[in-house]
Asker: 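Let me begin by handing over the structure; questions about it come next.
Any value given below was found using the heavy atoms of this structure, including those in side chains, with hydrogens, waters and symmetry copies removed. Position 1 is the first residue of the sequence, and the numbers go up from there.
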Amino acid sequence: MTIFLCGFMGCGKTTAGKIIAKKLGVAYVDTDELIVKNEGMSIPDIFAQKGEPYFRQVEAETVKGLCGKKAVVACGGGAMLNEDTASYANENGAVVFLDVPFDMCYERIKGDKNRPIVVSSTKAQLLERYEQRYSVYLKNSRIRTDCTGSPVENAEAVINALKGLK
């Protein structure tokens with residue numbers, strides 16, 4: 001089964017994803033890293049040269065291309081905002097929302113130059129984006145997991161939640 005981790009920037013998709021993949025003995029894939037590799041340029045460069053809509057299209061295609069793989073996939077913060085992408089991912093795997101409060105996410109992402117949205121936004125703008133996305137993450141995921149613990153605790157919580165799907 002393909003496990004797609006979604007949530008706001010800084011919620012721990014990468015950190016927890018690597019632990020989950022190791023514990024389950026499956027591959028780990030980061031959609032942002034895969035896009036950078038396939039496009040031959042950084043995410044800030046993609047945003048600057050081709051725009052966010054182009055990036056979101058590539059992101060959706062990347063997620064769909066990973067369906068059916070035995071892998072844990074850390075999706076970019078905006079990947080599951082597209083209902084078609086989320087629906088396809090849930091039909092061909094499981095979308096798990098890593099639920100983390102905004103302040104915790106913000107502490108992890110502030111000043112991160114590799115995140116174009118963070119660089120170009122104030123804290124208030126990021127909070128507004130978080131609040132807009134929160135209900136969409138809930139709606140577009142099959143599982144919601146509180147991920148305010150340690151990375152290992154968060155990984156265990158996701159694995160335990162997934163057991164209910166099998």
Asker: For Gly149, does its backbone N or O pair with a side-chain atom of Asn154 as donor and acceptor, under 3.5 Å?
Answerer: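 Looks like yes, one N/O pair under 3.5 Å.
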Asker: Hey, what do you get for CD (Gln57) to NZ (Lys50), rounding to the nearest 0.5 Å?
Answerer: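 It is 10.5 Å, given to the nearest 0.5 Å.
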Asker: For the hydrophobic clusters of this structure (ILVMFWY residues joined by side-chain heavy atoms under 4.5 Å, transitively), does one cluster hold both Ile117 and Ile109?
Answerer: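 Hydrophobic grouping puts Ile117 with Ile109.
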Asker: If you round to the nearest 0.5 Å, how far is CG of Leu34 from NZ of Lys37?
Answerer: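 Answer rounded to 0.5 Å: 7.0 Å.
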Asker: Roughly how far apart are Ile3 CD1 and Ile143 CD1, rounded to 0.5 Å?
Answerer: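 Taking CD1 in Ile3 and CD1 in Ile143, the distance rounds to 8.5 Å.
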Asker: Any heavy-atom pair between the side chains of Val58 and Glu39 that's under 4.5 Å?
Answerer: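 In contact.
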Asker: Would you indicate whether the side-chain heavy atoms of Met104 and Thr148 approach each other to under 4.5 Å?
Answerer: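 In short, these two side chains touch, coming nearer than 4.5 Å.
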Asker: Do Met9 and Leu127 land in one hydrophobic cluster if side-chain heavy atoms of ILVMFWY residues count as linked below 4.5 Å?
Answerer: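 Cluster IDs for Met9 and Leu127 match.
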Asker: Evaluate Asp99 against Thr145 for side-chain contact (heavy atoms from CB on, under 4.5 Å), listing each step before the verdict.
Answerer: CA-CA 6 Å; Asp99 191 355; Thr145 307; over 6 Å; no
Asker: Can you check whether Asp30's main-chain N or O pairs, donor with acceptor, with Lys13's side chain at less than 3.5 Å?
Answerer: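 Flag not set: sc Lys13 to bb Asp30 has no pair under 3.5 Å.
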Asker: Please confirm whether the ring centroid of Phe97 lies under 6.0 Å from the ring centroid of Tyr134.
Answerer: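 Close enough - the centres of the two rings lie under 6.0 Å apart.
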Asker: Testing the basics here: between Leu5 and Gly17, what is the closest heavy-atom pair and its distance to 0.1 Å?
Answerer: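 Here Leu5 and Gly17 meet closest at CD1-CA, 3.5 Å.
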Asker: Are Lys64 and Glu61 within salt-bridge range, i.e. N to O under 4.0 Å?
Answerer: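 Judged by the 4.0 Å cut-off on N to carboxylate O distance, Lys64 and Glu61 do not form a salt bridge.
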Asker: Apply side-chain hydrogen bond (donor to acceptor under 3.5 Å, both in side chains) to Glu33 and Tyr28, showing your working.
Answerer: CA-CA 11 Å; Glu33 290 176 7; Tyr28 167 79; 5.5 Å; no
Asker: Given side-chain contact (heavy atoms from CB on, under 4.5 Å), test Phe55 with Ile35 step by step and report yes or no.
Answerer: CA-CA 9 Å; Phe55 176 80; Ile35 291 167; 3.9 Å; yes
Asker: Grab the two heavy atoms, one from Thr85 and one from Ala60, that are nearest each other, plus how far apart they are.
Answerer: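 Between these two residues, the closest heavy atoms are OG1-CB, 3.3 Å.
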Asker: Under the 3.5 angstrom rule, does the side chain of Ser120 hit a backbone N or O of Pro116 as a donor-acceptor pair?
Answerer: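 It does hold such a pair.
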Asker: For a 4.5 angstrom cut-off between non-hydrogen side-chain atoms, does Glu153 reach Ser150?
Answerer: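 Yes, at least one pair of side-chain atoms sits under 4.5 Å.
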Asker: Kindly say whether Gly93 contributes a backbone atom to a donor-acceptor pair with the side chain of Thr2 at under 3.5 angstrom?
Answerer: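 The answer is no, because no donor-acceptor pair under 3.5 Å joins these two groups.
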Asker: Should Tyr130 and Leu126 be counted in the same cluster of Ile, Leu, Val, Met, Phe, Trp and Tyr side chains packed under 4.5 Å apart?
Answerer: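 Shared cluster, yes.
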Asker: Within the 4.5 Å heavy-atom criterion, are Glu59 and Asp32 side-chain neighbours or not?
Answerer: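 Of all side-chain heavy-atom pairs linking Asp32 with Glu59, at least one is under 4.5 Å.
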Asker: Any side-chain heavy atom of Tyr54 within less than 4.5 Å of one from Ile46?
Answerer: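 Yes, their side chains come closer than 4.5 Å.
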Asker: Would you name the heavy atoms of Thr15 and Pro151 that are closest together and state the gap between them?
Answerer: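 What the structure gives for the nearest pair is CG2-CB, 3.6 Å.
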Asker: If every non-hydrogen atom of Cys67 is compared with every non-hydrogen atom of Ala89, which pair is closest and at what distance?
Answerer: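 That would be SG-CA, 3.9 Å.
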Asker: Whether the side chain of Lys23 engages the backbone of Glu156 through a donor-acceptor N/O pair (distance < 3.5 Å, no angle test) should be reported.
Answerer: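 Here the side-chain-to-backbone pair does not exist.
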Asker: Should Leu66 and Leu24 be counted in the same cluster of Ile, Leu, Val, Met, Phe, Trp and Tyr side chains packed under 4.5 Å apart?
Answerer: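 Each belongs to a different hydrophobic cluster.
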Asker: Please find the pair of heavy atoms, one from Cys147 and one from Val158, that lie closest to each other, and give the distance.
Answerer: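 Answer, listing the atom of Cys147 first, then Val158: SG-CG2, 4.4 Å.
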Asker: Give a yes or no on whether Tyr106 and Leu98 share a hydrophobic cluster (residues Ile, Leu, Val, Met, Phe, Trp, Tyr; joining criterion: side-chain heavy atoms under 4.5 Å apart).
Answerer: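 No, separate clusters.
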Asker: Locate the shortest heavy-atom distance separating Cys75 from Thr31; write the atom from each residue and the value.
Answerer: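 Cys75 and Thr31 have their closest heavy atoms at CA-OG1, 3.4 Å.
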Asker: Is Phe4 close to Asn90 at the side-chain level, that is, under 4.5 Å between some pair of heavy atoms?
Answerer: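 Answer no - side chains too far apart.
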Asker: Could you give me the CA-CA distance, side-chain angles and deciding distance for Asn140 and Val95, then say whether side-chain contact (heavy atoms from CB on, under 4.5 Å) is met?
Answerer: CA-CA 7 Å; Asn140 290 341; Val95 178; 5.8 Å; no
Asker: Distance from Arg142 atom CZ to Leu162 atom CG, nearest 0.5 Å?
Answerer: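 So the gap between those two atoms works out to 9.0 Å.
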Asker: Is there side-chain contact between Arg133 and Leu81, with at least one heavy-atom pair below 4.5 Å?
Answerer: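 The answer is yes, as the side chains (C-beta and beyond) meet within the 4.5 Å cut-off.
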Asker: More than 12 non-hydrogen atoms from neighbouring residues, nucleotides or ligands closer than 6.0 Å to NZ on Lys123, yes or no?
Answerer: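 More than 12 within 6.0 Å, yes.
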Asker: Can you list the steps and then say if Val36 with Met41 is a side-chain contact (heavy atoms from CB on, under 4.5 Å)?
Answerer: CA-CA 5 Å; Val36 166; Met41 63 176 76; over 6 Å; no
Asker: Counting C-beta onward and ignoring hydrogens, is there a side-chain heavy-atom pair between Val96 and Arg144 closer than 4.5 Å?
Answerer: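 SC-SC contact between Val96 and Arg144 ruled out.
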Asker: Give a yes-or-no answer on whether the side chains of Asp45 and Ser42 include a donor-acceptor pair shorter than 3.5 Å.
Answerer: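 Yes, side-chain donor-acceptor contact under 3.5 Å.
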